[in-house]
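Working notes for the structure below.
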Amino acid sequence: MAAASVDRGIQTRTLLRDAAVQLIVEEGWGRVSTRKVAERAGVKAGSVHYHFSTLTDLLVEATLDRLASRSETFWEKTLLDNAAAARSSVPDTEFAPDGVGACTAVLMTEALRAAARVPRLRAGLTQILRRRHTATMHGLEGDDRLPDAASTSAVLGATMNSLMLYRLIDPVVREMKLEEVLLRMAKPRRQERA
C-alpha cells in the first residue's frame, strides 16, 4: 500500500511539472496559477501545495528539469556527437516552429526573464548553461582553426539560442537549412601535423 502511494505521488508530481511547463510556454511565467496548473494536470488544486511548497518552487523545478534534459539531449548528444553529426542532420522537430525546439526556446526565454527575480532559477540556469558550455568547449579543443575554444563555445551557444528564437518569429529564417552550418561550427577539425 505504501508503494502504491509513493507511485501516485511521483505520478502527480510529474503531471504537475508537465502542466507547469506547458502553461509557461503557452501563457508566460507570470500568468501561471496554482488553479491553472492543477486543472491542466487533472488533479485537485490542493495537490500543488501538497507536493510543492510554493507555485514558484513548482515552476522552477519543472523548468530546470525540462531545460536540463533538453539541453543534454539536443546540444551534447546531437550537435557534439561528431561521428553521428557527420552522417545525419539535426532532427527537424528541434527547430520546427511548432516542434520541441520551439517550446524549449520559449521556455528558456521565459526562464531567463524570471531568473532576474528568482535566485534559485538563476543558479539552476547557470549550471545548465555551464555544462553546455563545457561540453561544447571540450568538443572544440584541438581544432587548429580556433584560437580559443572557450570563447568560441560561448559564441556558438549564444548563436544557437538566438537561432531558436529567430526561427519562432521569422518565417524566412525558419525555412533556411541551418543545420549543416551548425554542425560544421560544432564539429572540430583536428589537423594532423607532419
Side-chain angles (χ1 to χ4, degrees), residues 1-80 90-136 154 157-158 160-169:
M1 181 151 145
S5 178
V6 169
D7 288 343
R8 276 194 309 276
I10 291 169
Q11 182 181 17
T12 300
R13 285 179 68 86
T14 300
L15 289 170
L16 291 169
R17 284 194 307 265
D18 290 347
V21 167
Q22 292 167 9
L23 288 165
I24 291 167
V25 170
E26 291 171 14
E27 299 186 19
W29 186 282
R31 296 182 141 231
V32 177
S33 69
T34 301
R35 181 189 55 75
K36 287 179 182 178
V37 171
E39 207 170 83
R40 176 68 59 97
V43 301
K44 294 179 181 177
S47 296
V48 174
H49 291 294
Y50 178 80
H51 290 281
F52 298 92
S53 298
T54 66
L55 178 61
T56 299
D57 286 343
L58 167 58
L59 298 179
V60 168
E61 183 177 314
T63 299
L64 293 177
D65 285 352
R66 183 65 53 92
L67 290 175
S69 70
R70 294 304 305 150
S71 179
E72 289 172 16
T73 300
F74 175 67
W75 192 255
E76 295 163 17
K77 292 186 175 74
T78 304
L79 280 183
L80 297 178
V90 177
D92 291 338
T93 57
E94 296 297 340
F95 289 113
D98 57 347
V100 177
C103 293
T104 302
V106 172
L107 183 62
M108 177 61 95
T109 302
E110 288 293 324
L112 289 170
R113 291 177 61 217
R117 297 174 304 282
V118 183
R120 184 173 150 232
L121 179 60
R122 184 171 48 250
L125 287 173
T126 298
Q127 288 179 350
I128 291 168
L129 293 174
R130 282 186 182 156
R131 280 195 305 269
R132 186 172 84 176
H133 172 71
T134 299
T136 306
M160 193 62 210
N161 289 336
S162 294
L163 280 174
M164 289 180 79
L165 291 172
Y166 275 119
R167 281 199 163 176
L168 287 173
I169 298 165

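- The stretch residues 106-119 participates, sequence neighbours left out, in these side chain to side chain donor-acceptor pair (under 3.5 Å) pairs: Glu110-Arg113.
- Pairing each heavy atom of Ala20 with each of Leu59, the nearest pair is CB-CD2, 3.8 Å.
- In this view, Thr134 and His138 satisfy the side-chain contact (heavy atoms from CB on, under 4.5 Å) rule, not counting sequence neighbours.
- The shortest side-chain heavy-atom distance between Trp29 and Thr63 falls under the 4.5 Å cut-off.
- Under a 3.5 Å cut-off, the side chain of Arg17 and the backbone N or O of Ala62 do not form any donor-acceptor pair.
- Leu64 approaches Ile128 most closely through the heavy-atom pair O-CD1, 3.7 Å.
- The structure places CG of Asp57 at 11.5 Å from CG of Leu121, a figure rounded to the nearest 0.5 Å.
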Fill in: Trace of the side chain to side chain contact (heavy atoms under 4.5 Å, CB included) decision for Arg40 with Glu26
CA-CA 12 Å; Arg40 176 68 59 97; Glu26 291 171 14; 2.8 Å; yes
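- Here the shortest heavy-atom pairing between Leu16 and Ser47 reads CD1-O, 3.8 Å.
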Item to complete: Please report the C-alpha distance between Lys36 and Gln22 in whole Å, then the side-chain angles of each, then the deciding distance to 0.1 Å, and finally whether the side chain to side chain contact (heavy atoms under 4.5 Å, CB included) criterion is met.
Response: CA-CA 11 Å; Lys36 287 179 182 178; Gln22 292 167 9; over 6 Å; no
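- No side-chain heavy atom of Leu58 sits under 4.5 Å from any side-chain heavy atom of His51.
- Of all non-hydrogen atoms in Val48 and Ala38, the two that sit nearest each other are CG2-CB, 4.1 Å.
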Worksheet item: Stepwise, does the side chain to side chain contact (heavy atoms under 4.5 Å, CB included) test hold for Met108 with Leu125?
Response: CA-CA 9 Å; Met108 177 61 95; Leu125 287 173; 4.1 Å; yes
Worksheet item: Thr104 and Leu107: side chain to side chain contact (heavy atoms under 4.5 Å, CB included), yes or no, with the steps?
Response: CA-CA 5 Å; Thr104 302; Leu107 183 62; 5.6 Å; no
